[in-house]
Number of protein chains: 2
Amino acid sequence: METPDTQILFALGRITSALRAGLWQSAGELGLVPAQAEILTRIARQSARPADIAAHLGVSAASASDSISSLVAKGLALRLPDPEDGRAQRLLPTEAGLCLAEKLTAAPTAVQGALAALPSQDQAALLRALTLIIRTLQEARAIPVQRMCVTCRHFRPRVHANADHPHHCAFVDAAFGDASLRLDCGEHEAALAEEAAALWRRFDAA
Amino acid sequence: METPDTQILFALGRITSALRAGLWQSAGELGLVPAQAEILTRIARQSARPADIAAHLGVSAASASDSISSLVAKGLALRLPDPEDGRAQRLLPTEAGLCLAEKLTAAPTAVQGALAALPSQDQAALLRALTLIIRTLQEARAIPVQRMCVTCRHFRPRVHANADHPHHCAFVDAAFGDASLRLDCGEHEAALAEEAAALWRRFDAA
DNA sequence: TCGATTCAATTAGGAATCCTAATTATATTA
DNA sequence: TAATATAATTAGGATTCCTAATTGAATCGA
């Protein structure tokens, strides 16, 4: 318990516990368990395959299938055949599922409150650090690839002198700062390999 | 998915998944499941009561009791009567449990790798932000109280001009920075209520 | 001091997740 | 066309997780 690494890991563990407890609480009030709530909010945002869900949650395909079946049995989700691949399926929320997903994302949790209470400079620094971590985890194949700024061909890191808005998005043609980094952007287009490496170095530089 | 809050929550979710998957992996190689691994490493660091374990993990006392029983059945932990309270127990690791706990903490995970790869400035900023979050979660009674710098009577936030080492610990009489903030310090002594509030304001100030 | 209440912990009962291994059906490749 | 790979589920079993009820010990008030 001495290096920053160890302290950070410890801190993440504590916050993870709070997140799980909060999810049991808020999901439980709506008749769901955490895994079901996570899957439902995910497919409410965007349709996904069972394999995506499993990768997103970091569980086996069999476990994901279990939880999906629970949602289907409750009439909150549908399994439809995937038009692009006869082996695959597309998961969609039902009307009731969408309604419940909105309540879930709206439900305030203790962690959300703590984030809101964070000074905006710390918020930006936190988001920046987490973005870097997620990028590294992606490269290590520990988590599935995100549609995030730091791998997007529209991203221009550190091109402005303004310390609060050093980055630029070529898609919306606007300057922005660490606080506005996206991890799941609808306009994301993957940069080519060498281009991505250059973005990475530029953003990462301390 | 627009405000920093939402992005941060999303990011924490992704990292949580990676943490859980890593724990299934590393604990699984040693014949444990995540909950058992977390309890074992916790009691290896310091003896604890079942109620502490439950609060630490954010689960019910009954669930904690289940997992503790699993550890006891495997010969990795012992339940001893608590000398201070006849209703309570003290949990201790056995020799085999200590040995396993060391292997667990030594096992490198993907998230640990990602943390190590983080530039040290981002590490410090991350630890600072997480410390603030944990402090808020404690106040909201969402997680149990930690033996952390920001609630310690030896802590002197922002007393030095040196930007890298602005804080001071009166116990060891040394300057330190955000990167060295402790969340579980052996020398922690809780500050009085009003004193604690003053520390908080001073450290929090952006 | 004695009863009532509170508290720490476990047990009981049951639902849900999680795993690996095996199976089915579709895609891809040689 | 045959062999292999992939997407998903099912089967079987271990474990966690919940709430409610129980046991024993500590504390509080009359």
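Below, chain A is the first sequence line, B the second, and so on; all start at residue 1.
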Between NE2 of A:His56 and C1' of C:dC18 the distance, given in whole Å, is 18 Å
A:Leu30 has an atom CG; how far is it from atom P of D:dC18, in whole Å?
17 Å
When you get a sec, tell me which of D:dT15, C:dA8, D:dC17 is the closest nucleotide to the side chain of B:Gln36?
D:dT15
Nearest to the side chain of B:Val33 - C:dA27, C:dC18, D:dT15?
D:dT15
Mind listing the closest non-hydrogen atom pair of A:Ile68 and A:Arg79 along with its distance?
CG2-NH1, 3.6 Å
Give a yes/no answer on whether the side chain of A:Ser65 brings an N or O atom under 4.0 Å of OP1 or OP2 in D:dA8.
no
Under 4.0 Å between a side-chain N or O of A:Arg79 and OP1 or OP2 of D:dT9?
yes
Just checking A:Ala88: base, sugar-phosphate only, or nothing, at a heavy-atom cut-off of under 4.0 Å?
sugar-phosphate
To the nearest Å, give me how far apart CG (A:Leu32) and C1' (C:dA15) are.
14 Å
On DNA chain D, more 5' by nearest nucleotide between A:Ala62 and A:Arg20 is A:Ala62
Audit row: A:Glu139, A:Arg135, salt bridge (charged side-chain N to carboxylate O under 4.0 Å, His left out) steps and yes/no
CA-CA 6 Å; A:Glu139 285 189 321; A:Arg135 166 78 170 135; 3.5 Å; yes
Parallel, tilted or perpendicular: rings of A:His167 and A:Phe176 (30°, 60°)
perpendicular
Cation over ring, A:Arg128 on A:Phe203, under 6.0 Å and within 45°?
yes
Whole-Å distance between C:dA9 C1' and B:Leu80 CG?
15 Å
Atom CD1 of B:Ile53 and atom P of C:dA8: how far apart are they, to the nearest Å?
15 Å
Determine whether a donor-acceptor pair (N or O, by modelled atom type, separation under 3.5 Å) exists between the side chain of A:Arg147 and the backbone of A:His188.
yes
Nearest to the side chain of B:Asp66, which nucleotide is it out of C:dT10, D:dC18, D:dT15?
D:dC18
Nearest to the side chain of A:Ser60 - C:dT20, D:dC18, D:dT16?
C:dT20
Minimum-distance nucleotide to A:Ser70 side chain [options: C:dT17, C:dA8, C:dC19]
C:dT17
If you find the nucleotide of DNA chain C closest to A:Ala64 and the one closest to A:Gly86, which residue's nucleotide is nearer the 5' end?
A:Ala64
Rounded to whole Å, CD of B:Glu38 lies from P of D:dT15 at a distance of 17 Å
Would you say C:dC19 has OP1 or OP2 under 4.0 Å from some side-chain N or O of A:Ser63?
yes
Between C:dC18 atom C1' and A:Ile39 atom CD1, what is the distance in whole Å?
12 Å
Base, sugar-phosphate or nothing for B:Asp85? Non-hydrogen atoms, less than 4.0 Å.
sugar-phosphate
In this structure, how many angstroms lie between the C1' atom of C:dC18 and the CG atom of B:Leu23, rounded?
13 Å
Between B:Gln7 and A:Asp184, which heavy-atom pair has the shortest distance, and what is it?
OE1-N, 4.2 Å
Nearest to side-chain heavy atoms of B:Arg49, which nucleotide of D:dT9, D:dT16, C:dA9:
C:dA9
Given D:dA7, C:dC18, C:dA9, which nucleotide is nearest the side-chain atoms of A:Ala35?
C:dC18
Which residue, A:Glu84 or A:Leu57, contacts DNA chain C at a nucleotide closer to its 5' end, judged by nearest heavy atom?
A:Leu57
